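In each ligand, atom 1 is the first atom listed, and ligand 1 is the first ligand listed. Keep in mind it's a predicted model, so treat the numbers as computed, not measured.
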Amino acid sequence: MENDSPHDIYGIENWGGGMISVLPDGDIGLSNPLDPSMPRMSLPEIVKGLKQRGIQTPLLLRVKPFLENGVRQINESFAEVIKALGYKNAYRGVFPIKVNQQAQVIESIVEYGRKYHYGLEAGSKPELVIALSKSLSKEAMIICNGVKDAEFVRLAILSRKIGFNTVIVLESRKELDTVLDVAEELGEEPLLGVRIKLTHQIGGNWAESSGDRSTFGMNTDQIVSVIDRLKQAGLLHCLMLQHSHLGSQIPDVNDVRRAVTEACRYFSELKSEGAPLTHLDLGGGLGIDYTGEKTASPNSINYTIREYCSNVVETVAYSMDEAGLDHPVIITESGRAVVANSSILVFDVLETTLYDTPDAPDPQEGDHHLLSDMRGILAYLVPERIQECINDAVYYRNEMRALFRRGYIGLREMARGERTHMAIMSRIRGIAQASDLTTEIDMQLNQIADIYHCNFSLFQSLPDVWAIDQIHPVVPLQRLNEEPGRRAILSDITCDSDGKVDSFILSGGLSPSLPVHSIADDEEYFIGAFIVGAYQETLGDLHNLFGDTNVATVDLRPDGGVHLLQDTEGDTIHEVLSYVEYNPRDMIASFKKHVDEAASDGHLTPADRKQLIREYTDSINGYTYYE
Ligand SMILES: *Cc1c(COP(=O)(O)O)cnc(C)c1O
């Protein structure tokens with residue numbers, strides 16, 4: 001099978017979206033999705049080029065055409081479906097800023113999205129401040145969600161005076177009072193939306209953000225009270241948008257249809273209450289197929305963007321036709337699906353801990369019988385008896401450990417026992433690799449997977465891997481034309497035992513270890529984590545005070561080269577210390593005091609003194625990662 005060739009054991013074809021592939025020389029290559037005729041670029045070569053310019057790994061690579069492709073896909077898919085189905089209105093998507101607020105990212109989205117009248121969604125005051133600094137198309141929308149104080153509302157209402165289509169989505173009955181007060185104070189009418197709490201509950205990691213117990217949106221009772229209050233204030237004509245959001249990464253497209261149907265029911269009820277709704281906002285939730293499995297599971301989805309769009313448009317058209325209403329403008333707030341593919345985290349392997357031993361130690365006079373029995377396993381190790389051999393090897397080793405703890409077996413004999421165990425497991429792994437593994441055996445063999453120590457912080461750069469067992473495709477960036485002879489889990493450089501990646505997507509499904517190559521001592525071996533452009537950057541934290549990584553934004557040039565558009569240095573130690581309220585200047589002063597005291601006691605030469613101070617200040621000004 002093609003998938004089993006050394007080229008695609010990582011399932012790249014399933015999740016790479018045509019942008020990631022393996023080049024003939026075994027490097028990971030990047031293609032330009034906006035111009036597939038362009039030559040592919042070697043990712044490790046890009047990284048080496050950046051290193052030559054002083055941009056070290058770990059590094060977050062943002063690929064501009066990947067981001068633009070995300071914006072293009074959602075807008076063009078909706079436009080195509082609208083045309084194909086004869087829907088009688090437009091799509092006006094907005095990008096939810098919280099999904100990736102980085103200045104470069106938002107600027108690229110706004111620039112590229114202008115021709116689609118693509119807008120922005122702000123869930124907080126700072127995000128609205130970002131949105132209002134951008135030059136959007138005159139027809140684009142700004143949708144304000146989240147809890148709003150009077151200042152937020154004032155800014156939203158006033159922004160209409162300078163041409164922004166800013167809609168205040170009411171999250172609660174109480175918020176309406178704030179809005180009415182501010183509107184009266186300013187003598188200006190707001191554009192209003194109302195956030196509905198749909199009762200339909202979705203599957204996946206975000207099930208709790210949908211349904212009755214969702215903390216957002218209003219139920220029927222609260223909506224009725226908002227309508228009555230608006231009527232009473234004579235402002236029902238301001239209510240032009242209905243909003244609902246089910247949560248992120250909806251795994252099953254049927255949930256989309258059911259939710260949209262329910263949203264449309266509210267829409268027609270609100271219309272018959274006299275609200276002049278023209279815009280139906282269906283929130284985010286369009287998922288990404290991180291594993292490429294095309295199933296309705298937490299890290300996958302059972303649909304394409306195109307299917308999502310046609311389900312939405314078809315359902316809205318059908319419901320509106322049935323209710324005898326005009327087709328509304330359709331808005332979605334898809335974030336993940338737009339930006340996830342745009343960034344790749346690249347890190348280097350610092351060190352490896354190998355868990356295999358080719359040979360069991362020779363028998364010795366007086367060996368404990370458990371050790372001899374364990375060695376005896378080698379005599380009946382055949383593919384049909386793999387499971388039995390694993391069971392026996394684990395049993396004998398554990399018995400020996402028990403005797404060691406009680407003092408019946410000494411250190412050297414125990415060491416020989418551990419080594420014999422490892423040798424047997426390595427032999428089993430060799431045999432197992434050639435035959436079909438059951439998942440159970442795969443898991444057990446994982447006990448002897450190597451540990452590859454990598455230069456990154458999971459908590460800073462892949463927080464969802466830690467928090468919600470998110471799976472990102474992780475792949476070595478070079479030598480993919482060679483059979484990877486080893487299996488490893490990846491550990492990061494924090495001192496936290498959770499700082500590891502031990503679930504990987506391969507072409508055959510999930511695996512607890514990653515196929516990797518043996519690495520020579522002086523070899524640079526890069527690993528990439530893909531599809532990390534959504535949520536990861538801002539959710540990352542300063543565990544062990546590892547800060548932001550270096551970031552490079554690149555464009556792929558038509559001649560196959562790359563153009564470095566922007567590079568942002570990662571945090572220095574100085575910066576992360578300031579975040580946790582140290583004053584680095586004082587710290588240098590107090591370190592100098594230690595040095596001067598030691599110098600005045602005659603313990604230091606002037607050269608020592610100078611070197612100590614230089615090392616300390618260099619560290620404070622340097623990168624937080626391994627250099
Ligand atoms: C987070 C959020 C989104 C984005 O959701 P995705 O699943 O990333 O598309 C959209 N709308 C609201 C209200 C949100 O809170």
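Under a 4.0 Å criterion applied to the non-hydrogen atoms of G285, ligand 1 contributes the atoms 5 (O), 6 (P), 7 (O), 9 (O). Ligand 1 places these atoms under 4.0 Å from at least one heavy atom of N145: 13 (C). Here is the list of ligand 1 atoms found below 4.0 Å of a heavy atom in S248: 6 (P), 7 (O), 8 (O). Per-residue contacts place R336 under 4.0 angstrom from the following atoms of ligand 1 (heavy atoms of the residue considered): 6 (P), 8 (O), 9 (O). Residue G335 has at least one heavy-atom neighbour below 4.0 Å for each of these atoms of ligand 1: 6 (P), 8 (O), 9 (O).
Residue-to-ligand polar distances place K98 within reach of ligand 1: an N/O pair is separated by less than 3.5 Å. For a threshold of 3.5 Å applied to N or O pairs, the pair formed by H243 and ligand 1 contains no separation below that value.
T538 and Q101 form a side-chain donor-acceptor contact under 3.5 Å, judged by distance and modelled atom types alone.
Interatomic distance, CG of N100 versus CZ of R336, reported as 12.0 Å (0.5 Å rounding). To the nearest 0.5 angstrom, L198 atom CG is 11.5 Å from D255 atom CG.
With a heavy-atom cut-off of 4.0 Å, H245 touches ligand 1 through its side chain alone.
A heavy-atom separation below 4.0 Å is found between S334 and ligand 1.
Taking D35 as the reference, S37 meet the side-chain hydrogen bond (donor to acceptor under 3.5 Å, both in side chains) condition, with sequence neighbours excluded.
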